[in-house]
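Step one of this worksheet: look at the structure below.
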Amino acid sequence: MLRFLSCSRLSLLVALLSFPIAAARCQTATPIPSQIPGHDAVLLGTDWYPEQWPESRWEADLRLMEAAHIRVVRLAEFAWSTMEPSEGHYDFDWLERAVALAAKHHMVSVLGTPTAGPPAWLTQKYPETLLIDEKGQRAKHGNRAQGSVSSPRYREFCRKIAEQMALRFGHNPDVVGWQIDNEYGYAFMSYDDYAHKLFQNWLKAKYQTLDSLNAHWTTSYWSQTYDNWSEIPVPVGEHNPGLMLDWKRFVTDTWNDYQKNQIDVIRQHADSRQFITGNFMGFFDGFDHYIMAQPLTFASWDDYVGSGHVDPDHNGLSHDLTRGFKQKNFWVIETQPGAVNWAPVNNFLNRGEVRAMAWQAIGHGADEVGYWQWRSALNGQEEYHGTLVGPDGTPVPLYEEVSQIGLEFGKAQSALAGTQPVSQVALLHSYDSHWAIDFQRHTEKYDQVALLESYYRPLYRRAQSIDVVNPYASLGNYKLVVAPDLNLIPQDLAQHLLQFVQSGGHLVLGPRSGMKDQFNALLPQRQPGYLVEPLGGRVEQYYALESDFPVSGKWGSGEAKMWAEQLKPMASDVKVLLRYGKSNGWLDDQPAVLTRRVGKGRITYIGAILDDKLMNAAADWMIQVSGVTPVFGPVPDGVEVSRRHGEGKDVFILINFAKDSGHFALPRPMKFLLSGQQGSSLDLPAYGVEVLSAVP
Ligand code: GLA
């Protein structure tokens, strides 16, 4: 049970009923490399479910995996009924044989705890282990993620199976790590009376007195005043914004405690060399990932495109988001082998696209790329999902492309060892702010991920490397820090940001910044709250737009879309960079962007969502004013470049996501690690990839 008190943000140590809820709302970076000591720096993997097949078949599968240069298998995350066929009777012999056979074929194993799929004997005998949904219905057996995350009984069974697995495999040399649960049950909560009581106790531990809670939530509004902790509801649908935000934090703490219940017991019995990870899902926002990632060795995520084709900006941003959870390299522990089975149209990715995605992951800091799954079970809900071998056990056409990836990982191993992306630019991402805006979007189309992308896209093109970090992260190494939607800026966070500015950094705030405190209550200073004074300006009024409004100034002319704020300079040295044109009368000729030098740095406030043309000009200005240098140099449109940096070396990954081939000059002669050549210019066909390093 731990919270980092060095983070002066509201902190809380809570012991609740039968189990503790742990919470830590700020992040510390640990320098443990995610590479597995003694193994390749970047690894190709797949998900293998030996329990679904006769043992006589295993070796044929493993032989095919080895031939494709697969080096990691993830197993067991849905095998609870095979590992514990009846209460307290465990059978791990088959798993041990599977791990040993994989090792014979030069593959290491990652074991998933099977707690996203409890066995039928468990849920039937102990129905309280099944969650109750928002409508009061108890989940039924037969799907997954139906366990109640807050049920002490369910936790007891989860702990026991994790413990038994750790006792059996914690010292197994071929088991390199663990995955907890699977996608953390999509953050589902149980709405039973027990969970409700836990929430009330969580609030009590946080606020201590009802007076404090009533004041911070302004419960005199709509007669919500609480005289007893037991009166406080669980929010279903719209509710008090303070309560809704605390509910999300409670969900985070509950899931974090659920995973710690398993992590602690694994740590107790397993070698410290074995890593522990969890598979997140990009921008899924069911809980605060910065908190959930804390007890993990490194973060992983499941990178699926679904319908259509990869959007390199969205995908790159999602990789960078995941890397930022722990500020270190991560794994793409699941990705799409061509097609999924759950999207509106489950089209297949184009030839070469899977390879381009794999290399994009590596470029953004992944140390493993794993395909879900090797082979489809002959029955079960996911019969149609993409695989690497067909139901007959022979390779599907994509197998060849994946095996090419494995071969190429081999060629770049030594160059990539000990490297990671290093950036001069950071985007700030906060779950609290994200939730706060989503609770009250004010205009239904307000899409914060799209807003983040509108900054990421032009900035990435120019800087060619961006970190996405929690606002409390240490910012000292960045030249430019951009917060497109930091709605909640409590005083301690304002100080943290100001310190970055005063020591020479450039802070750019987007619309809706600094509107609220940590209780989701409006700040009386107006936006950007505690930063009004240093900015030397504030937001007079915000407007949700029915149509686009003109804006012009230093960045040229264009449009404000969806959202516009009327800004007011309040100090003589504040510069207005953009103004609105004729619009709704209120905004006509009013400032839309302010900037001011502060200490050795600068604060800029952008009060509108700007069109792409203006965002490009804004990015040019931000990069230039902040002194950011690109990590590589010019590349044609549609070509993505990323860099991994290590002691004395830089490795560049270039991928052509455009439809046409590209031929372009390199900033200097370089070695081509995949083709084995070297030169001063590069040809890249559509979906073409090359990995470059300096010529010695
Ligand atoms: C998720 C799950 C997997 C599988 C895939 C299918 O990522 O973790 O078990 O269901 O989706 O795309």
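Remember, predicted model here, so these are calculated numbers, not experimental data. One-based numbering, in listed order, for ligands and for the atoms of each.
Here is the list of ligand 1 atoms found below 4.0 Å of a heavy atom in Glu183: 1 (C), 2 (C), 7 (O), 8 (O). Of all the atoms in ligand 1, the ones that sit under 4.0 Å from a non-hydrogen atom of Asn182 are 2 (C), 8 (O), 9 (O). Short contacts between ligand 1 and Glu382, defined as distances under 4.0 Å to a heavy atom of the residue, involve ligand atoms 4 (C), 5 (C), 6 (C), 10 (O). For ligand 1, the atoms closer than 4.0 angstrom to any heavy atom of Trp342 are 6 (C), 12 (O). Proximity to Arg144 (heavy-atom distance under 4.0 Å) selects the following atoms of ligand 1: 2 (C), 3 (C), 4 (C), 9 (O), 10 (O). If you number the atoms of ligand 1 from 1 as listed, the ones under 4.0 Å from a heavy atom of Phe78 come out as 9 (O).
Closest heavy-atom approach to atom 11 (O) of ligand 1 within the set Met281, Arg74, Glu334: this belongs to Glu334.
Among residues at least two apart or in separate chains, ring pair (Phe, Tyr, Trp, His ring centres under 6.0 Å) pairs with a member in residues 115-138 are Trp121-Phe157, Tyr126-Phe157.
Among protein heavy atoms, the minimum distance from atom 5 (C) of ligand 1 is reached at Tyr304 OH, 3.5 Å.
Judged by distance alone, with hydrogens and angles left aside, the side-chain atoms of Asn347 form no donor-acceptor pair with the main-chain N or O of Ser307 at under 3.5 Å. The backbone N or O of Asp303 lies less than 3.5 Å from a partner atom in the side chain of Thr335, making a donor-acceptor pair.
Contact annotation: for His385 versus ligand 1, heavy atoms closer than 4.0 Å belong to the side chain alone.
Note: Tyr184 and Trp255 have perpendicular aromatic rings, judged against thresholds of 30 and 60 degrees for the angle between ring planes.
In summary, the aromatic rings of His319 and Trp301 are positioned with their centroids under 6.0 Å apart. Here the two rings, on His429 and Phe283, have centers that are under 6.0 Å apart. Aromatic rings from Tyr290 and Tyr431 are positioned such that their centres are separated by under 6.0 Å.
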